[in-house]
Amino acid sequence: MKILFVASEAVPFCKTGGLADVAGALPRILHERGHDVRLVLPRYGDIDNNRFRLLPLMPEMKVRYGERTLAGSILRCSYPKSQMPVYFVDEPSLFGRKGLYGNSHGDFPDNDVRFAFFNMATLWLLKGLDWQPDVIHVNDWQTGLIPALLKNHPEIIGDSFYQEIRTVFMLHNLSYQGNFDRYIVPSIGLPWSVFTQDGAEFYDKFSFLKSGIVYSDKLVAVSPTYSREIQTKEYGAGMEGALQQRANDLVGILNGIDVSEWNPETDAMIAKQFTAGSPAGKRACREELVKIGNLDKDSAHPLIGITSRLVDAKGFDLVEKAIDDLLALDAQFFILGTGDQKHEQLLKETAAKHPGRMHVHIGYDVPLSHKVIAGSDLFLMPSRFEPCGLTQMYSMKYGTIPIVRKTGGLSDTVFPATRASIEAGHGTGFLFEEYAADAMVAACREAITLFKQHPKAWSTLMQNAMQQNFSWQRSAEEFEELYRSLE
Ligand code: ADP
Ligand code: GLC
């Protein structure tokens, strides 16, 4: 099949979160499985031309936007260590700056123009290449305009080139919606008929997310549980009605993890490699993490790691509410993250008061994130909602036992550990249901007790976790089936 994958971030080019991991892995896996897959990304200022050897492909890419003509170009390269073509939509005044969606002052005020251009240029690019994909796989609000353009833009619906192209909209996170002033509608050449309750109108704004939900041919959420949750008021972020209407076209497919990136056997960023059969190297990883964090050298207490965006949705309001109770536990903490200032500030202050017990590293640091995942005994992820979550899967691969809230992809990937379920080979982690500080602390306490009092059960638990199969191959088959259903 011919598949165009369009995303606003993908490793190793640009990344703010898990979307980049998925957009860097899934298309490449599908490409390896024999499909003609190509990836389109914006050409952000941070992307290094020399490192990735970007070459000019189309020198002029003009897009009308209201009274303006936006003029960009297209660059290309092959995905590193693969033959998969990657196209970059370049327009320096829109993408040449630092940051993907915003900076410390907030979202960029011209994100509507930036991503409208990106979406339109992607469709014009196909014409320029004279390459008609069977499916365009779009991701999150930043690419949600493409389905609306394909079904409503006069120049596109009048052009037989685009007639057979189908779209799949992948939902990674409904809380980012891309809702903008309604005047974007005529500016991008769409008819006002899209600006209705049944269309892309959302509380008097034009919503890129809703546009994707309404006009795509199929919808896929990043985990089965999230696909159900988002049809409820609690998790739907206002889109539940539109999603219920599309229920027959909505499926959940669990993300995989890229084992060429996250594998304790080959990971060059950790102190010592290890495997399920020979886990001794994990001790060296733990020692290194203790050293980096200046933590007390006491391996009788478990080390609880966190690597996360520091935002409420990831459960940091709970962590802060429970901070005294957490610090009263027999455990040490290593927290790596960046995000909301209020969380950064409070965590830093707390760590300063508890040297040896808690270390907080504010920043975005990929090698350190590998060290945290590899060197911790437990990994805490108390998300209020979690579409899929990748770090709990990475942790399990490294024998680091997750403590998670039972929501979204977390409940699809972590199976409750009891003495019996561990013995039976099922249990892989600790879950709590209610989004409450007490419930989280109780789950931590349960994990710590098992760690300290039942070392044999603990090592079986680590084995169970490390042997989980989170590979992309399984999900790739489900995507192939989904694409085929569009024919
Ligand atoms: P989300 O996409 O909601 O942030 P995921 O668990 O899907 O959550 O993915 C998060 C990704 O971002 C993982 O690859 C994780 O390792 C990475 N990450 C998060 N915070 C940091 C950080 N401070 N430094 C390095 N990597 C980080
Ligand atoms: C989003 C979600 C996260 C998911 C990731 C990749 O960032 O918040 O749960 O794992 O996308 O799909």
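Order of appearance sets the numbers: ligands from 1, and atoms from 1 within every ligand.
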Would you say G18 and ligand 2 have an N/O pair spaced under 3.5 Å apart?
no

May I ask you to identify the nearest protein heavy atom to atom 11 (O) of ligand 2, giving residue, atom name and distance to one decimal place in Å?
H172 CB, 3.3 Å

Sub-6.0 Å ring centroid separation between Y226 and Y235
no

Measure the distance from atom 22 (C) of ligand 1 to every protein heavy atom, then report the residue, atom name and distance (to 0.1 Å) of the closest one.
Y364 CD1, 3.6 Å

Can you tell me if A313 has a non-hydrogen atom under 4.0 Å from ligand 1?
no

Give a yes or no on whether K15 atom NZ has more than 12 heavy-atom contacts from other residues, nucleotides or ligands under 6.0 Å away.
yes

Nearest protein heavy atom with distance in Å, relative to atom 14 (O) of ligand 1:
D21 OD2, 2.6 Å

Numbering the atoms of ligand 1 from 1, which are under 4.0 Å from a heavy atom of L336?
23 (N), 24 (N)

CD of E434: more than 12 outside heavy atoms within 6.0 angstrom?
no

When distances are taken from atom 24 (N) of ligand 1, the protein heavy atom at minimum range is D365 N, 3.0 Å

List ligand 2 atoms under 4.0 Å from E386, heavy atoms only on the residue side.
3 (C), 8 (O), 9 (O)

Enclosure of D48 CG (heavy-atom neighbours >12, cutoff 6.0 Å):
yes

Can you label the angle between the H359 ring and the H361 ring as parallel, tilted or perpendicular, going by 30° and 60°?
tilted

Atoms in ligand 1 flagged as close to S308, the criterion being non-hydrogen separation under 4.0 Å:
20 (N)

Closest to atom 6 (C) of ligand 2 among L174, V222, N255, D140 (heavy-atom distance)
N255

Based purely on interatomic distance, does R309 place a nitrogen or oxygen under 3.5 Å from a nitrogen or oxygen of ligand 1?
yes

Whether T275 side chain and E265 backbone form a donor-acceptor pair below 3.5 Å:
no

What atoms of ligand 2 come closer than 4.0 angstrom to any heavy atom of G389?
3 (C), 4 (C), 9 (O), 10 (O)

Looking only at the aromatic ring of each residue, does the gap between the centers of Y79 and F13 stay below 6.0 angstrom?
yes

For ligand 2, which atoms sit closer than 4.0 Å to a heavy atom of V22?
6 (C), 12 (O)

Per atom 8 (O) of ligand 1, closest listed option by heavy atom (K15, K314, E261, H172):
K314

Would you say G363 and ligand 1 have an N/O pair spaced under 3.5 Å apart?
yes

Exam field: side chain Q83 to backbone S78, donor-acceptor pair closer than 3.5 Å
no

Scanning both residues in full, the closest heavy-atom pair of V220 with V168 reads CG1-CG1, 3.7 Å

For the backbone of I373 and the side chain of T400, can you confirm whether one donor and one acceptor N or O come within less than 3.5 Å of each other?
yes

Is the number of heavy atoms from other residues, nucleotides or ligands under 6.0 Å of R97 CZ greater than 12?
yes

Distance under 4.0 Å to a non-hydrogen atom of T307: what atoms of ligand 1 satisfy this?
20 (N), 21 (C), 27 (C)

Atom 10 (C) of ligand 1: the protein heavy-atom neighbour that sits closest, reported with distance to 0.1 Å
G18 N, 3.7 Å

Quick one: which of L410, I373, T391, L368 has a heavy atom closest to atom 16 (O) of ligand 1?
T391

Counting both backbone and side chain atoms, is some N or O of G17 under 3.5 Å from an N or O of ligand 1?
no

Indicate, as side chain, backbone, both or neither, the part of N173 found under 4.0 angstrom from ligand 2 when only non-hydrogen atoms are considered.
side chain

Test of ring centre spacing under 6.0 Å for F479 and H137
yes

Side chain to side chain donor-acceptor pair (under 3.5 Å) partner of T407, chosen from E386, E433, R384, E229:
E229

Students should be able to answer this: which protein heavy-atom is nearest to atom 6 (O) of ligand 1, and at what distance?
L390 N, 2.9 Å

